[in-house]
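Predicted model, so just to flag it, every value in this text is computed and none were measured. Labels below follow one simple rule: chain letters A, B, ... track the order of the sequence lines, proteins then strands, and each chain is numbered from 1.
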Amino acid sequence: MFSFFGRPEIQFCRTFALLFKNTPAAPSGHPILISELFPMKRIKIAEILRTEPVQTRVQVKGWVKAFRNNQFIALNDGSCAANLQIVVDFENTDPALLDRIKFGAAIGASGQLIESQGKGQRVELKAEEVVVYGDCNPEQYPLQPKRHSLEYLREHAHLRFRTNTFAAVFRVRHALAFAIHQFFNDRGFCYLHTPVITASDAEGAGEMFRVTTLPLERVPRTETGEIDFSLDFFERPTNLTVSGQLEAELAALALGEVYTFGPTFRAENSNTTRHLAEFWMIEPEVAFADLTDNMDLAEAMLRYVAAYALEHCTDDLKILEDRLIEEEKSKPQDQRSGLTLTEKLRFVVDNRFERLTYTEAIDILKNSNPNKKGKFQYPIEGWGADLQSEHERYLVEKHFKKPVILTNYPAAIKAFYMRLDEPRDGVPGPTVSAMDILFPGIGEIVGGSQREERLEVLRQKMRDMHIPEDELSWYLDTRRFGSCPHAGFGLGFERLVQFVTGMGNIRDVIAFPRYPGSAEF
RNA sequence: GCCUCAUUAGCUCAGUUGGUUAGAGCGGCGGACUGUUAAUCCGUAGGUCCAAGGUUCAAGUCCUUGAUGAGGCGCCA
C-alpha cells in the first residue's frame, strides 16, 4: 500500500506487479504502457449493468448509498436506479480513507469487474483504487440512509434528487418529456416556442403575474392618476403567459401541426395537490382538425407516453410502485387502489378512454346513488352547472373506472375561442366543441377544444363575454384571412408525471415547486 | 381564499381523565465482527415538547392568537 503521484487520497490496494499480471498482454507484443493501464474513462453504472463486461477494468464515479461491513460500497451515479457494489480490500486500505467513505460522499473507484461472489447482484467491482472527491459529514448531512417523509424532503428539495424516489421521479419526468417530443416529431408536428412574456390579458385562463420594471415604491402615474405604463419596459402592461394557445393557433394556420412545451404561470391562490404557480404545459394545435381528431390525438399521445414509460423506465417504475405499495399498507382498506402502478399504466395503454357528452354525464350523475342519497356536497341540480371534482371523480373512479373524455360542454362555462356547436335534440342550451380528459386520482389532465374558426361567430362570442376585440385583432386576423377548422388542447405536464409516477402531490414531480407563499431554491 | 388536522431527539413517531426525572425505533458517535444486501451485536450521547400569551398548586397535555406543514374544497392544466 502506497500513495501515488503524491496524492494521499489515491490508495492502491495492489502492487504494480499484480496489475501487470492481471492485464492481458497487448496483441502485438508491444510493451504495455502505464498510461494505457491507468487513465481510464469513467463508465456509467447503467452501461456496466447493461453490458456486464466482466474481467475488464472499469472506473466508476458516484455517491455512496451504503457502506456495509467496512467492505461493500453501494455506489449510485444517477444513471439508473440500481447501485453497483464496490468491494474494498479493507485489510490493505488506509483506515483514514475507509473512514471517509460515508453515506452521501462522492467517490470514484476503479478496478476489475467480476462476477459477484455474494448474492443480491450479478457483478461487482473489485476496487484497486478508491478516490474521495467530496466528503459528507453524517452529523450535518440532512439525509440519512432511511426513509424520509415526502414533506421533509420537500423542505430539503435541493437534496431530494439524491433519494431513490426522487431520482426515479426525475428520470421518469425526463423520459416523458422526451417521449412527448418523439410522439409529435414522428407525426410531423413543429415544436413552437411561444413567448413567456405577453401583453395579452384576454386569454381567459386565470390570474396573471405582472411583469414590470416600474419602481414599486414610487409607481409613476398619469394626470388622471392611473399607472403610467408608457414608462414601463415594454411601454404597456405585460404579464407572464398563462397559455401559448393563441400564438400556437397562428402558427398552426400556416405550419399545419404545431405544439408548444414550455413554462406556464398562474397567479391563482390555489392550495392543492394538483396546482402550481409555475408549471409546464404541452399545447398542440392542428389545422383542418375537428373535435374527434383532437380527442384521437390526445388519447394517442397519452397512451404512447404511458407505453414509453413502461418500456424505458422499468426499474424506476418498480421503485415508485414499491413505494406506493408501502404507502398503501398504512391506508384503510377502502382507500386502497387495488391496482399497482404498472397495472394502472398498462390499463391506460390497453384500453380506449370512455367518451361521452356533458349532457350524458349530467344524466348519469343525476341518477347516481350518491346524488339520490344526497352524498354530493354539490347536488346535481340540472343542465348548465359546472361539474365539481367530486362529480368528475365519481364518473372516472366509480362509474366507468377508466379515463373519461367529456365533450360538448355548455357554452356559458367555457372559453370564448371554443367552437359553437349546432343545436342538438335533447340538449337544453348552446354547447361548444370542448373536451376534458379526466384521469383517476388527478382529475383534469387535458383540456381542449375545436376552435371557433368563423369570424362573425367568434366576434359575437367575444362581445358576449366582454373580451376586448382591439387587443386581439391579431388573433382575429387568422379568421379574416384563410381561416379553417382547427383544434388543440393543453396537457398539464406535471399532472402527467404525477399519473405515471403515482406521486400524490404535484409539488413532488417538479424540481423546485412554486406555489402561494413559496419560491424557495 | 375557505374548512379540517398536525407540529415532542438529526429522522419517523408514542406520551393515559393535567401530576415525580418526557420514551421507542432508525440515524450519529465509540467498540466488536468481517461476503455484506435497510448488515448484525454491545455501549453511549442527544430535548427551548413550533412561538407568544393565558388558566391552574401543577401544562407536552386545557384556552387564545400567530407561524409552518398536511389533507379536502374552490379556480384550473
Side-chain angles (χ1 to χ4, degrees), chain A residues 65-74 82-91 98-99 102-104 114 116-121 124 126 136-156 163-164 203-207 242-245 260 263-283 298 326 330-331 335 376-378 386-393 413-415 436-439 442-448 489-499 504-508 510 515-518 520:
Chain A
K65 286 291 186 175
F67 188 30
R68 286 183 288 269
N69 230 348
N70 212 20
Q71 189 175 187
F72 303 102
I73 303 170
N83 303 325
L84 181 66
Q85 174 152 290
I86 315 289
V87 186
V88 180
D89 181 7
F90 66 98
E91 283 170 322
L98 291 176
D99 201 43
K102 299 286 189 190
F103 176 74
I114 59 171
S116 179
Q117 295 171 39
K119 290 170 185 165
Q121 59 280 316
E124 64 192 15
K126 203 160 174 53
C136 192
N137 183 342
E139 287 191 76
Q140 292 167 6
Y141 190 42
L143 301 183
Q144 292 171 8
K146 57 166 281 185
R147 276 205 183 78
H148 290 89
S149 68
L150 295 176
E151 294 79 24
Y152 177 79
L153 293 171
R154 217 170 283 151
E155 288 170 13
H156 298 79
T163 65
N164 293 338
E203 295 181 22
E207 298 294 313
V242 291
S243 164
Q245 179 202 314
T260 73
T264 310
F265 307 87
R266 304 268 166 98
E268 274 141 12
N269 194 1
S270 298
N271 247 301
T272 79
T273 55
R274 315 182 296 287
H275 290 87
L276 291 167
E278 178 183 282
F279 63 102
W280 289 67
M281 190 155 65
I282 295 107
E283 295 179 288
E326 279 300 310
S330 61
K331 282 186 184 170
Q335 282 177 33
F376 284 141
Q377 193 189 336
Y378 298 88
D386 214 348
L387 297 182
Q388 306 295 324
S389 61
E390 59 178 344
H391 307 137
E392 295 178 348
R393 274 214 312 278
I413 59 172
K414 287 291 181 182
D436 283 359
I437 302 186
L438 310 176
F439 264 34
I442 290 165
E444 186 180 346
I445 195 167
V446 161
F489 61 84
L491 167 79
F493 183 56
E494 281 76 16
R495 289 190 184 174
L496 174 67
V497 182
Q498 268 190 285
F499 178 75
N505 193 319
I506 200 165
R507 296 168 187 178
D508 294 333
I510 189 166
Y515 49 94
S518 183
E520 218 183 336

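Considering only side-chain atoms of A:Asn70, the nucleotide from B:C73, B:U34, B:U36 that sits closest is B:U34. Checking B:G10, B:C75, B:G69 against the side-chain heavy atoms of A:Gln144 singles out B:G10 as nearest. The side chain of A:Arg495 lies closest to B:A77, out of B:U34, B:A77, B:A70. Of the candidate nucleotides B:C73, B:G69, B:G35, B:G35 has the atom nearest to the side chain of A:Val87. Here B:C29 is the nucleotide among B:A70, B:U36, B:C29 with the atom lying nearest to any side-chain atom of A:Pro138. For A:His275, counting side-chain heavy atoms from C-beta on, the closest listed nucleotide (B:A39, B:A70, B:A77) is B:A77. Here the nucleotide nearest the side chain of A:Lys146, chosen from B:A39, B:C75, B:G10, is B:G10. Side-chain proximity of A:Gln121 to the nucleotides B:C75, B:U36, B:C76 is greatest for B:U36. In the set B:G35, B:C75, B:G69, the nucleotide with an atom closest to the side chain of A:Gln117 is B:G35. For A:Lys102, the side-chain atoms get nearest to B:C29 when compared with the rest of B:G1, B:G69, B:C29.
Residue A:Thr264 is classed as having no contact, given no heavy-atom separation below 4.0 Å to the nucleic acid. Looking at heavy-atom distances under 4.0 Å, A:Asn505 makes contact with sugar-phosphate atoms alone, never a base. Here A:Ala74 lies out of heavy-atom contact (under 4.0 Å) with every strand. Counting non-hydrogen atoms under 4.0 angstrom, A:Glu283 reaches nothing in the nucleic acid. Nucleic acid contact class of A:Glu444 (heavy atoms, under 4.0 Å, all strands): sugar-phosphate only. Residue-level contact check: A:Phe279 touches the bases, meaning some heavy atom is under 4.0 Å from a base atom. Counting any heavy atom pair closer than 4.0 Å across all strands shown, A:Tyr378 reaches sugar-phosphate atoms only and no base atom. Among the protein residues, A:Leu276 comes within range of the nucleic acid bases, having at least one heavy atom under 4.0 Å from a base atom.
Under the Watson-Crick and G-U wobble criteria, each requiring two contacts below 3.5 Å, nucleotide B:C13 is paired to B:G23. Using Watson-Crick or G-U wobble geometry with both donor-acceptor distances under 3.5 Å, B:G28 finds its partner in B:U44. Across all strands shown, the partner of B:C62 is B:G54, judged by Watson-Crick or G-U wobble contacts whose two distances both fall under 3.5 Å. The nucleotide B:C2 finds its pairing partner in B:G72, both defining distances of the Watson-Crick or G-U wobble pair being shorter than 3.5 Å.
Considering only side-chain N and O atoms, A:Ser389 lies under 4.0 angstrom from the phosphate OP1 or OP2 of B:C73. Here A:Arg68 does not reach the OP1 or OP2 of B:U36: none of its side-chain N or O atoms lies under 4.0 Å away. Put simply, A:Arg147 has no side-chain N or O that comes within less than 4.0 Å of OP1 or OP2 on B:G25. Regarding contacts with the backbone of B:G1, a side-chain N or O of A:Asn269 is found under 4.0 angstrom from either OP1 or OP2. One finds no side-chain N or O of A:Arg274 lying less than 4.0 angstrom from the OP1 or OP2 phosphate oxygen of B:C75. For the OP1/OP2 pair of B:G74 and a distance below 4.0 Å, the side-chain nitrogens and oxygens of A:Gln388 include at least one atom meeting the criterion. OP1 or OP2 of B:G74 has not a single side-chain nitrogen or oxygen of A:Ser270 nearer than 4.0 Å.
Along RNA chain B, the nucleotide nearest to A:Phe493 and the one nearest to A:Gln71 differ in position, and the one closer to the 5' end is contacted by A:Gln71. Where A:Met281 and A:Gly504 meet RNA chain B, the nucleotide closest to each residue was compared, and A:Gly504 sits on the side nearer the 5' end.
The C1' atoms of B:G27 and B:U40 are separated by 16 Å, rounded to the nearest whole Å.
Screening A:Lys126, A:Gln121, A:Gln85 for a side-chain hydrogen bond (donor to acceptor under 3.5 Å, both in side chains) with A:Ser116, the sole residue that qualifies is A:Gln121.
Remark: A:Arg507 qualifies as a cation-pi partner of A:Tyr515 under the 6.0 Å distance and 45° angle criteria applied to the six-membered ring.
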